[in-house]
Amino acid sequence: KAGVTQTPRYLIKTRGQQVTLSCSPISGHRSVSWYQQTPGQGLQFLFEYFSETQRNKGNFPGRFSGRQFSNSRSEMNVSTLELGDSALYLCASSPAEYGVYGYTFGSGTRLTVV
Amino acid sequence: AQSVTQLGSHVSVSEGALVLLRCNYSSSVPPYLFWYVQYPNQGLQLLLKYTSAATLVKGINGFEAEFKKSETSFHLTKPSAHMSDAAEYFCAVSDNSGNTPLVFGKGTRLSVIA
């Protein structure tokens, strides 16, 4: 059974640009969540999608957005990149809402903003 | 609002010694609790979870954790540390209603000394 696939693994962008990250959940999983991980702030919740609907959003500016497609694949977009957006972005999937049975995480996308 | 506190950002043990990683939670409703492990340049892997069944939970790789409501704790233990246990460990909490995302602690880095 394939795991959670995140693409790309590494990304370097310039301040002011925008970026789109992709996440393919485990087959059959309908819940996809996104987290930002930085050394200073740790793991912070970005948003969660269940059956194409955003269920909740973390405390991030509107530059951060996401969506989920009918096949449960998800994308997140960050516009007008800032240096502070440099982080590991982790996607996680679960068969149930909010991963009450435990999330399965992907390996992440390492975003560096220069 | 839920939160978890992991005591000790870095724990160092000798190979073969007991591993004890501490986690205390704060939740206004019965929580679900999780321990995840992260190896360098990897995503998070679920070690074990407490979802209101048995209070002593056994996980993968010989780890276990005990839910103690009176102490609001969910400490992670392993009787004998292996070199391969060196990693970052995260405690996380959610409520059991399916309406909130996982909230992670800051993490504890475990070093194992030969």
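The structure displayed is predicted, hence computed values, not measured ones. Here is how names work: the chains are called A, B, and so on, in the same order as the sequence lines, proteins then strands, and each is numbered from 1.
More than 12 heavy atoms of other residues, nucleotides or ligands sit less than 6.0 Å from atom CG of A:N71. Atom CG of B:L18 has more than 12 heavy atoms from other residues, nucleotides or ligands within 6.0 Å. Other residues, nucleotides and ligands contribute over 12 non-hydrogen atoms within 6.0 Å of the CZ atom of A:R73.
Put simply, CG on A:L90 and OH on B:Y36 are 11.5 Å apart, with the number rounded to the nearest 0.5 Å. A:L43 CG to B:E88 CD: the interatomic distance, rounded to the nearest 0.5 Å, is 9.0 Å.
Heavy-atom distances place the side chain of A:Q37, and not its backbone, under 4.5 Å from chain B. For A:Y35, the part lying under 4.5 angstrom from a heavy atom of chain B is the side chain only. Neither the backbone nor the side chain of B:Q45 has a heavy atom closer than 4.5 Å to any heavy atom of chain A.
The closest donor-acceptor contact from the side chain of A:Y103 to the backbone of B:L44 lies at 3.5 Å or more, if one exists at all.
A:V32 and A:F105 sit in two unconnected hydrophobic clusters of ILVMFWY residues. Membership requires side-chain heavy atoms under 4.5 Å apart, directly or through other members.
Residue pairs meeting the salt bridge (Lys or Arg N to Asp or Glu O under 4.0 Å) criterion with at least one partner in residues 9-31 of chain A, sequence neighbours excluded, are absent.
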